[in-house]
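The figures that follow rest on heavy atoms only: side chains count, while hydrogens, waters and symmetry mates do not. Counting starts at 1 for both ligands and their atoms, in listed order. All values derive from a computational prediction rather than experimental measurement.
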Amino acid sequence: MDTATEPQSIGNFLRQALPDLFTPVSTSQKTCPKHGIEYTEEVYTRFTRGCPECAKEAEAERQQRQAEEREEQHRQWQQQQIEKRIGDSRIPKRFCDKTISGYRADNEQQRYIVERFKVYATEFQTGHSGRCLALLGNAGTGKTHLACAVARHVIRNCNGFARFTSVAEINRIVRESKSYDSEISESEVIAAFGGYDLLIIDEVGVQSGTEAESRALFDVFNERYQNMKPTILISNLSPEGFKAAVGDRIADRVKEDGGEVLIFDWESSRG
Ligand SMILES: Nc1ncnc2c1ncn2[C@@H]1O[C@H](COP(=O)(O)OP(=O)(O)O)[C@@H](O)[C@H]1O
Ligand SMILES: [Mg+2]
Ligand SMILES: [Zn+2]
């Protein structure tokens, strides 16, 4: 801005530049029918200055409208953030809209599991202890469904970050981070997996991996365990098979501090 003109207000500048605009064409005494006060109405070429109380009200309304617009913009922005976090979570599209209440509980085991899930989900609202879940049992019984429902809840209702992954994906990402041209180091990968408010690791025990691969799973799980961040592990194996697949250290830590192993051993609802 030109410093020579800086002290001059826009109003004064306009009055000097466009004197016609700011000289009343006529003035008259009036009484506001709404406020019952007398005032001098000033008619200019482009506008009329009327009742000062009416002007105050109009200004207040304008500010109210502006505040509402800002609020609406903020709401839209928040919605976009939620949709972005849903996308970043990698929850498979098929499971994006699954909810705990959308899970049918037809038998005693299902009713028990739904109750446990409701408790587990609620804990994200109050500050999660970091306790883990292992969901074990037959394919098609809704393990991925319920885990994704918790992730959805964490993102949509708790303003949190969740990530859905599989053992195979963890192995691939860790393996790629070790490549000489990788832009991200292995410890950064581990730290990134460690940062989510909830991590779901699906397909545990599907492939019997190499030592490096079971190391990668342990590193990710342990990073979260150390920081008291909750992890849900999902496997179609029996409890014994699960323990053999992940090793004693993970199997033991899953059960620590209120962690639960939930068994889904009825027939598939895929039919
Ligand atoms: N009790 C249930 N109520 C509603 N849908 C269910 C139930 N059990 C399974 N499903 C549905 O069946 C399909 C397979 O479930 P999924 O979560 O993939 O099973 P799993 O991970 O145990 O193999 C999903 O579409 C899921 O929503
Ligand atoms: Mg599954
Ligand atoms: Zn008025």
Check contact between [X] and ligand 1, using heavy atoms of the residue and a distance below 4.0 angstrom.
X    : value
N138 : yes
F264 : no
A147 : no

Next on the checklist: My understanding is that we take every heavy atom of each candidate and find the minimum distance to atom 20 (P) of ligand 1. Doing that for G140, A149, C148, which one comes out nearest?
Outcome noted: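 Result: the heavy atom closest to atom 20 (P) of ligand 1 is in G140.
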Item to check | Residue portion contacting ligand 1 (non-hydrogen atoms closer than 4.0 Å) for R94 | outcome: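 Within the 4.0 Å criterion, R94 makes no contact with ligand 1.
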Checklist entry - Which is it for F95 and ligand 1 at heavy atoms under 4.0 Å: side chain, backbone, both or neither? => result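 Answer for F95: side chain.
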Any atoms of ligand 1 less than 4.0 Å from a non-hydrogen atom of [X]? List them with their elements.
X    : answer
Q110 : 1 (N)
K98  : 25 (O), 27 (O)
A139 : 23 (O)
G102 : 4 (C)
T141 : 8 (N), 9 (C), 19 (O), 20 (P), 22 (O)

Item to check | R85 to F161, cation-pi by 6.0 Å centre distance and 45° axis angle | outcome: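 The answer is yes; both the distance and angle limits are met.
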Checklist entry - Taking the six-membered ring of Y225, is NZ or CZ of R253 closer than 6.0 Å to its centre and within 45° of its axis? => result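 Verdict for Y225: a cation-pi partner in R253.
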Under a 3.5 Å threshold, yes or no: a donor from one side chain and an acceptor from the other, between [X] and [Y]?
X    : Y    : answer
Q80  : Q76  : no
K143 : N138 : no
D265 : Q109 : yes

Item to check | Intermediate values then yes/no, ring pair (Phe, Tyr, Trp, His ring centres under 6.0 Å), F124 and H153 | outcome: CA-CA 9 Å; F124 285 91; H153 169 74; 7.1 Å; no
Next on the checklist: For a side chain to side chain contact (heavy atoms under 4.5 Å, CB included) check, start with the C-alpha distance between L133 and L233, then their side-chain angles and the critical distance, and finish with the verdict.
Outcome noted: CA-CA 6 Å; L133 294 182; L233 294 159; over 6 Å; no
Next on the checklist: Under 2.8 Å from the Mg ion (ligand 2), is there any N, O or S atom belonging to N236?
Outcome noted: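 No, N236 does not qualify, because none of its backbone or side-chain N, O or S atoms lies under 2.8 Å.
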Checklist entry - Hey, what's the ring geometry for Y196 with F193, parallel, tilted or perpendicular (30° and 60° as the breaks)? => result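 The arrangement is tilted - the two ring planes meet at 30° to 60°.
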Item to check | Minimum side-chain heavy-atom gap V189-E176 below 4.5 Å | outcome: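 No, side chains not in contact.
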Next on the checklist: Side chain or backbone, does N236 bring an N or O within less than 3.5 Å of an N or O on ligand 1?
Outcome noted: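 Min N/O separation from ligand 1 is not below 3.5 Å for N236.
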Next on the checklist: Tell me which N, O or S atom from H35 is the closest to the Zn ion (ligand 3).
Outcome noted: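 Nearest N/O/S atom: ND1.
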